[in-house]
Chemist: 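The structure that follows is given in the form of structure tokens.
The figures here come from the full heavy-atom set of this structure, side chains too, leaving out hydrogens, waters and symmetry mates.
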Amino acid sequence: MLSSTARPYIQASVPVLQAHGVAITTTFYSNMFNAHPELKNLFNMGNQANGSQQQSLAAAVFAYAANIDNASALQPVIDRIVHKHAAVGIKPAHYPIVGRHLLGAIAEVLGDAATPPLIAAWDEAYWLLAGEFIAAEARLYQSTGYAADQWIEARITEVTTAADGILSIVLEAEDQALPAFKAGQYISVAVTLPDGARQIRQYSLSDAEQKDTYRISVKREAGDTQTPQGTVSNWLHQYAKVGGQFLISHPYGEFTPALQASTPLVLISAGVGITPMLSMLKTLQQAQAKREVWFLHAARTMQHVPHLDELIASSEQMASLHLGLYIEEKPGFATERLVHEGRMRVNEWPFNADLHAQYYLCGPLPFMIAQWQALLALGIPPQHIHREVFGPESLNQAV
């Protein structure tokens, strides 16, 4: 627990962090990478280039300060970050480096306002949070049997087109059995780029658990004037061939519904956010579950719906599955009961929102925020709404 001496300084920091948070985090990353360039291997350098990682960290620091006494608000965010850290191999030795440069950035940006008592308070708060991360990550590593930065050599056994711009890649381990996973989890993929740099990205497993293989479905991130191209996704689209090899992590992630429950399950996705939902759906189908499932997916065209043939097959084989596809452009698809033209709108769903159902969201961040807010407006309890986020995220739910 934060000391009574430090608490007033942290609470007083909230407006300061709102005003100077991005400047602090930008300085932090710049100084840390200059001193420790090897850490670039652990960070998404595309998000560094477009500034989204700096903004995300600023939001996280602000959320921590604003909710220092609100453990229930912070815990889901902490749990998510712990899994992300484990997936890239964060070690206890990294925390002193981060702490030193974060406190140094606060002092550098705030100047004379960064008084010794303020820096001491943030030092205490940082190590309080870091201690939680280190302990939770140690428990997670122990539960998986995999140490930090322990990787699996994987070989590609199949590459197919899952939809426009999306590859389906099936993997098997070189010399060991693949670890079991829960539907909704992801693996990290580590690749060495042509310039020799190493980058790591997370991809949800997009199938039910199979005996010897994993499947990921990777969207080529083309980039635009505001966001850079997806470094690893483009590498995979160019170089992923049958027989090719790269390193993958143990599966991680807490976006994992209790599939054996009897309450309705509502899976809401857009774009490549469909991947963890496919794993959940196919796991239920594999178990011949009778649980009522609403599978609602939004895409620009029918050609952009990943693994559409599998979805149609599941809808024909599972009496308890209600499939709804929301297609922005004219679908041109005969099965009208499955397809709705236009954007997904919660108040136009073909069923009444069930207050007892569990809702899972995955897709572009603006899409998830819109669906989250719409569900809350319908009276859905926030503890019944879950989401998966890759890359820098908004912490609006924690603030």
Chemist: Could you measure the distance from the OG1 atom of Thr213 to the CG atom of Leu171? Nearest 0.5 Å is fine.
Modeler: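 Between atom OG1 of Thr213 and atom CG of Leu171 there are 8.5 Å.
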Chemist: Can you see which heavy atom on Ser204 is nearest to which on Thr275, and at what distance?
Modeler: CB-OG1, 3.4 Å
Chemist: Considering non-hydrogen atoms only, spot the tightest contact between Tyr359 and Ile268 and give its length.
Modeler: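 Tyr359 and Ile268 have their closest heavy atoms at CD2-CD1, 4.2 Å.
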Chemist: Tell me, please, which residues at least two apart from Tyr252 pass ring-ring contact (aromatic ring centres under 6.0 Å, His included).
Modeler: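 Applying ring-ring contact (aromatic ring centres under 6.0 Å, His included) to Tyr252 gives His250.
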Chemist: Given the rule in the side chain to side chain contact (heavy atoms under 4.5 Å, CB included) test, do Val191 and Thr231 qualify, once you have shown the distances and angles that lead to the verdict?
Modeler: CA-CA 10 Å; Val191 303; Thr231 303; over 6 Å; no
Chemist: Check the pair Leu236 / Arg201 against side chain to side chain contact (heavy atoms under 4.5 Å, CB included), numbers first and verdict last.
Modeler: CA-CA 11 Å; Leu236 289 169; Arg201 298 292 186 274; over 6 Å; no
Chemist: Verify the neighbour count for atom CG of Asp195: are there more than 12 heavy atoms of other residues, nucleotides or ligands below 6.0 Å?
Modeler: yes
Chemist: Would you say Ile274 and Phe295 make side-chain contact, with heavy atoms under 4.5 Å?
Modeler: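 They are in contact (side-chain heavy atoms under 4.5 Å apart), so the answer is yes.
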Chemist: On the ring face of Tyr203, is Lys219 found with NZ or CZ under 6.0 Å from the centre and within 45° of the axis?
Modeler: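 Not satisfied by the 6.0 Å and 45° rule.
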Chemist: If only atom types and distance count, is the side chain of Ser233 paired as donor or acceptor with the main-chain N or O of Glu221 below 3.5 Å?
Modeler: yes
Chemist: How long is the straight-line distance from CD of Gln245 back to NZ of Lys241, given to the nearest 0.5 Å?
Modeler: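 Between Lys241 NZ and Gln245 CD, I get 16.0 Å after rounding to 0.5 Å.
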Chemist: Give, for atom CH2 of Trp151 and atom CD1 of Ile187, the distance between the pair rounded to the nearest 0.5 Å.
Modeler: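 With rounding to 0.5 Å, CH2 (Trp151) is 9.5 Å from CD1 (Ile187).
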Chemist: Would you call the rings of Tyr214 and Phe181 parallel, tilted or perpendicular if under 30° counts as parallel and over 60° as perpendicular?
Modeler: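 Answer is perpendicular, since the angle exceeds 60°.
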Chemist: Does a sphere of radius 6.0 Å around CZ in Arg198 hold more than 12 heavy atoms from other residues, nucleotides or ligands, not counting ones at 6.0 Å or beyond?
Modeler: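 More than 12 within 6.0 Å, yes.
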Chemist: At what distance, to the nearest 0.5 angstrom, does CG of Leu118 lie from OG of Ser13?
Modeler: 4.5 Å
Chemist: Between the side chains of Glu124 and Ser3, does any donor sit under 3.5 Å from an acceptor?
Modeler: yes
Chemist: Of all residues at least two apart in sequence or in a different chain, which pass the ring-ring contact (aromatic ring centres under 6.0 Å, His included) check with Phe133?
Modeler: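 His85.
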Chemist: Does the gap between the ring centers of His101 and Phe28 come in under 6.0 Å?
Modeler: no
Chemist: Taking only residues two or more places apart in sequence, or in another chain, which ones meet Arg100 in a salt bridge (Lys or Arg N to Asp or Glu O under 4.0 Å)?
Modeler: none
Chemist: Do you reckon Leu278 sits in the same ILVMFWY cluster as Val170, going by side-chain contacts under 4.5 Å, direct or chained?
Modeler: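 Leu278 and Val170: separate clusters.
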Chemist: Do Lys91 and Tyr141 touch side chain to side chain, with heavy atoms closer than 4.5 Å?
Modeler: no
Chemist: Within a 6.0 Å radius of atom NZ on Lys282, are there more than 12 heavy atoms belonging to other residues, nucleotides or ligands?
Modeler: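 Atom NZ in Lys282 is packed in, count exceeds 12.
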Chemist: I need the minimum non-hydrogen distance between Phe255 and Leu361, along with the two atoms involved.
Modeler: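 Here Phe255 and Leu361 meet closest at CZ-O, 3.4 Å.
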Chemist: If you link I, L, V, M, F, W and Y whenever their side-chain heavy atoms are under 4.5 Å apart, who else ends up in the same group as Val272?
Modeler: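 Val272 shares its hydrophobic cluster with Ile166.
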Chemist: Would you give the length of the straight line joining atom CG of Leu178 to atom NZ of Lys211, rounded to the nearest 0.5 angstrom?
Modeler: 12.5 Å
Chemist: Can you run down the salt bridge (charged side-chain N to carboxylate O under 4.0 Å, His left out) pairs that involve residues 143-155, sequence neighbours left out, and say none if there aren't any?
Modeler: Arg155-Glu172, Arg155-Glu174
Chemist: Locate the shortest heavy-atom distance separating Pro264 from Arg291; write the atom from each residue and the value.
Modeler: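 Heavy-atom minimum between the residues: O-NH2, 4.0 Å.
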Chemist: Nearest heavy-atom pair of Ser269 and Met277: which atoms, and what distance?
Modeler: CB-CG, 3.9 Å
Chemist: Measure up the Phe43 and Tyr29 rings against each other and bin them: parallel (under 30°), tilted (30 to 60°), perpendicular (over 60°).
Modeler: perpendicular
Chemist: Could you tell me if the side chain of Val98 sits less than 4.5 Å from the side chain of Tyr126, heavy atoms only?
Modeler: yes
Chemist: What I want to check is whether the side chains of Glu108 and Thr27 have a donor and an acceptor closer together than 3.5 Å.
Modeler: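 On atom types as modelled, these side chains do not qualify, holding no pair under 3.5 Å.
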Chemist: With His83, which residues qualify under ring-ring contact (aromatic ring centres under 6.0 Å, His included), at least two apart?
Modeler: none
Chemist: To the nearest 0.5 Å, what is the distance between OH on Tyr360 and CD1 on Ile385?
Modeler: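 Between Tyr360 OH and Ile385 CD1, I get 11.5 Å after rounding to 0.5 Å.
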Chemist: Mark yes or no for whether Asn234, through its side chain, and Arg220, through its backbone, hold a donor-acceptor pair below 3.5 Å.
Modeler: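 A pair under 3.5 Å: no.
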